[in-house]
Enquirer: 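Below are the structure tokens for one structure; questions will follow.
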Amino acid sequence: MSRRGSPSHAPHLPPSSFSFGDLLKVDSGRQALIRAVRWRQVNQFTRISPKVIMGNLFMAAVQATVMAPYVSALELSMWLGTCTILCGLFAMRHHRLNHDADYRARQPATFASATLGTVATTVLWWAVPLLWFGELPPSQQLVIAGMGVILMSTGAFMLVYVPPAAVAYTVLMSVGGFMIAAQHGSPALAALVLFYCMALVLASLVIGRELFVQTRSQMELSEMGELVELLRELDAPGSGGLWELDADLNFTKMSQALTAAIDLSAEKVRGRSVFKMIDPDGRYRNMSSGVRQLFSYFREELPFRDVVVPQVFTDRWWSLSGRPHYDDDGKLIGWKGVASDVTESRTANADALGAARSDPLTGIANRLLIRELLEQALLGQMNSHGGCALLLVDLDRFKLVNDTLGHAIGDKLLCAIAERLAHVVGDGGHVGRLGGDEFAIIWHGDIDRYSLSGLAERVVAEVSRGVTIGAANINVGATIGIAIGPDDGNREDRMMRSADLALYSAKRSGRGGYAFYDRAMLEAAEDHRLLENDVREALKNDDMRLAYQPIVDARTGKMVGREALLRWRHPTRGEIAPDRFIPIIEDSGLIHQIGDWVIREACNEAANWDDQVRVAVNVSAAQLSGAGLAKTVVNALALSGLHPHRLELEVTESIFLGDDPDTLASIERLRGLGVRMVLDDFGKGYSSFGYLSRAHFSKVKIDASFVRAAAAGDQQCVAIVNAILALATGLGIETTAEGVETTAQADVMRELGVGSLQGFLFGRPEILGVNVVDMAQHRRDIA
């Protein structure tokens, strides 16, 4: 490519198709090859134009010196000045062509402009034979004539890159020779000038034609080199064909193999927009991620590789790779790339492309292929080729297998599950592994809810059967989310999102089941997302505060402590319940930031209370990981001056799920600081009396549901409360009844022997506003 950029390369033309008449045309020509070659040659001429300009000025100065004793100095000065000005204008144009891209785009160098400039320069030489040659003595005339011959020969050969300019120059210089012959009245001299002119013209044309052939060959070799480089760069040795686009994304070239594969002639392809070729009706871009991705690459002028798109004319699938091409000014001049038919390799592993779409562990489809197959199913459904459903299958208790038996056993389990899923699905769909312990099923059979429910139940039953690996008998389960296309999504990404939301809903309802996508799930997820953004904004603006609820002695009614409860009043939603925003804080990873602030704020507040009043702070399971919580507690106690025994950290029974030794170690670190550990909501869901002795709690809090039921006369709940109290008494653990709202409930708890009471009967949570340390100050202290 020349430094000024050349147009997209044209189809090959044989040398015989280019005549001498074509050499003498000053327009660009209708044939693409002629335009491309002339573009290259005029750039070559532009590069040598400074030498031509300097040569003309030098010869003009020599001739002026020779004629000076015999010709008017004024006339010579005017002629030499005109030559200098004209050459200066050409030099200025040459400079702008090389350094001003906008000018070059408006006034490019062409055969016509080069020929016009040559004619203007040559006509100036007529002044010598027309005005002054007759006034010179014979010796000076001989010198001037000899210099004219030199000018004719050197100029003709220097201008050979632009044959019209070379011929025009030779003919115009010959006119000056005829003027000299006429002044001497010498027909022989005129004949000699004519013969020399004809010889130079013929030589210029022959050399010009040879230069054309050489330039064309160089361009073809350069194109071949670019194609080899393109194939190497795109790693596509087995491509189905090559394609080229111009800057407007219209096809300029397509290889014969590719046109034959899509059953279109080269004439029908050339000039057609790539958008119309791939997506003529504008419907695929709404359903095919590959089409949207490809069009995005074109709009943003980015290279791309292995983008798979459907081919509307043949119902095949093609993998496209390409890159943009620019001229030296950075202006886009087109695209070049390769295409491969990947219809078969999308479902087979016979080649490298197929292998790249299979899961290396289980051998089934991987995430990439699943997305492509889902897209294909949705497109087929659009063309009335059947139904489509997506089932996301998440294994239950798989992490426990990895943690207890090792990853090698876990990998074998995944392979066994993959085989079972493939057996259940059979020819009715495709099975793939999305990663980890999550699988996907693309179902092509009946897509009514009854049939899909049966399929989901069969999958759950098959996965739940025990798997024997070596000496280990392993039992896992499965939870499934189901989305049906196109109602739940007309694009693969939307189907994936819908199935994922359904899976999340199924997990919340209890593992081992399945759920169908419902519009309300998306609305809830969107509300969750917006609420998460609001939570982050609230933390940023220090909008959350702590409220404190009294805890009183059951016998005396004296306040023995307060529980710190996080509160948030949203500017538009009003008061947000903690059970809505606390899980968001935990899921978004903000629990450590807000948790540290809560502990510091509560300690600073409690330092202003009576020395006998404790403060209780809720701690999540996420905060118990590592030694960070212990450091936070140490800093909070040190800065506030609060005695460690006055700080109670409340945890729920859910922290013991999985029997994590790190959790017990974290609790022991906190106890070692002198902090009191409290087991909150005891008896609510995962109760084990062993927790009380293993974790050495100072207090248990009886859940409000038992308080209400026991006060209402439920003998089973009374028995449970008595059992809790008996165990606590035996272990020397204090007890608190939560959710006490009536005098009757308080009386029942006192009669049963509960040590302290908490609930609305004794006071609602309130913001005290004493010694408030805001979160901004907390962040500054940490920094």
Side-chain angles (χ1 to χ4, degrees), residues 286-290 292 357 359 362 364-382 386-396 398 414 417-418 420-422 424-426 428-463 476-529 587:
N286 295 323
M287 302 187 68
S288 170
S289 59
R292 294 195 305 274
R357 285 166 165 74
D359 178 51
T362 62
I364 60 177
N366 63 5
R367 177 182 290 272
L368 172 62
L369 181 55
I370 282 295
R371 287 186 173 276
E372 292 176 353
L373 291 173
L374 179 58
E375 180 180 304
Q376 183 175 346
L378 290 170
L379 292 173
Q381 188 178 53
M382 181 183 66
C388 167
L390 173 65
L391 290 78
L392 294 185
V393 182
D394 188 73
L395 301 186
D396 302 331
F398 178 76
L414 291 175
I417 296 298
R420 292 185 178 186
L421 291 177
V424 172
V425 173
H430 299 280
V431 177
R433 177 172 173 244
L434 301 180
D437 60 346
E438 189 173 14
F439 294 82
I441 298 173
I442 300 174
W443 182 251
H444 302 294
D446 296 331
I447 59 171
D448 60 277
R449 292 205 169 200
Y450 177 79
S451 299
L452 291 174
S453 295
L455 174 64
E457 290 170 357
R458 292 195 302 273
V459 168
V460 171
E462 190 68 18
V463 172
V476 294
T479 306
I480 303 174
I482 308 172
I484 304 173
D487 295 340
D488 297 339
N490 61 352
R491 291 174 11 188
E492 59 88 10
D493 55 341
R494 293 176 180 173
M495 281 285 285
M496 280 286 186
R497 179 193 62 189
S498 298
D500 197 53
L501 289 173
L503 177 61
Y504 179 73
S505 175
K507 288 181 178 179
R508 286 193 305 171
S509 300
R511 294 179 179 273
Y514 61 89
F516 287 90
Y517 170 77
D518 185 83
R519 176 70 184 178
M521 296 178 184
L522 178 61
E523 295 173 355
E526 181 64 16
D527 184 66
H528 182 93
R529 184 187 66 83
D587 293 342

Enquirer: Just wondering, do L374 and H430 contact through their side chains at under 4.5 Å, heavy atoms?
Expert: no
Enquirer: At their closest point, which heavy atom of G428 faces which heavy atom of W443, and how far apart are they?
Expert: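 In terms of heavy atoms, the two residues are closest at O-CE3, 3.4 Å.
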Enquirer: With no hydrogens and no angle check, just 3.5 Å: does a side-chain donor-acceptor pair link D394 and T479?
Expert: no
Enquirer: Between N366 and L369, which heavy-atom pair has the shortest distance, and what is it?
Expert: OD1-N, 3.0 Å
Enquirer: Nearest 0.5 Å, please: how far is CG in L455 from CD1 in I482?
Expert: 7.5 Å
Enquirer: How long is the gap from CD1 on I442 to CE on M495, to the nearest 0.5 Å?
Expert: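 I442 atom CD1 to M495 atom CE measures 8.5 Å (nearest 0.5 Å).
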Enquirer: Looking only at non-hydrogen atoms, find the nearest pair between E462 and R420 and report the distance.
Expert: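 Result for this residue pair: O-NH1, 2.9 Å.
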Enquirer: Strictly distance-based, threshold 3.5 Å: is any side-chain N or O of S498 a donor or acceptor partner for the main-chain N or O of Y517?
Expert: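 No, S498 side chain to Y517 backbone: no donor-acceptor pair under 3.5 Å.
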Enquirer: Looking at D448 and Y450, would you say the former's side chain and the latter's main chain have a donor-acceptor pair under 3.5 Å?
Expert: yes
Enquirer: Would you compute the distance between atom CD of E375 and atom CD of E372 and round it to the nearest 0.5 angstrom?
Expert: 7.5 Å
Enquirer: Can you check whether R433 reaches E438 side chain to side chain, under 4.5 Å on heavy atoms?
Expert: no
Enquirer: Hey, what do you get for CZ (R497) to CG (L390), rounding to the nearest 0.5 Å?
Expert: 13.0 Å
Enquirer: Please report the closest heavy-atom contact between D500 and L392, naming both atoms and the distance.
Expert: N-CD1, 3.5 Å
Enquirer: State, with a plain yes or no, whether a side-chain heavy atom of E457 is found less than 4.5 Å away from one of V460.
Expert: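 No. Closest side-chain heavy atoms not under 4.5 Å.
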Enquirer: Working to the nearest 0.5 Å, report the span between OH of Y514 and CG of L452.
Expert: 9.5 Å
Enquirer: Out of curiosity, L434 CG to L368 CG, how far, rounded to the nearest 0.5 Å?
Expert: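 Here the interatomic distance stands at 11.5 Å.
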Enquirer: After noting the C-alpha distance and the side-chain angles of I447 and I484, does the key distance pass the side chain to side chain contact (heavy atoms under 4.5 Å, CB included) rule?
Expert: CA-CA 7 Å; I447 59 171; I484 304 173; 3.9 Å; yes
Enquirer: Decide yes or no for F439 and L395: does some side-chain heavy atom of the first lie under 4.5 Å from some side-chain heavy atom of the second?
Expert: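 Side chain of F439 against side chain of L395, heavy atoms only: contact under 4.5 Å found.
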Enquirer: Just by distance, do the side chain of S505 and the backbone of L501 share a donor-acceptor pair under 3.5 Å?
Expert: no
Enquirer: Which atom names give the shortest non-hydrogen contact between D437 and L414, and what distance separates them?
Expert: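 Closest approach of D437 to L414: CA-CD2, 4.1 Å.
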Enquirer: What are the two closest non-hydrogen atoms of L378 and C388, and how far apart are they?
Expert: CD2-SG, 4.2 Å
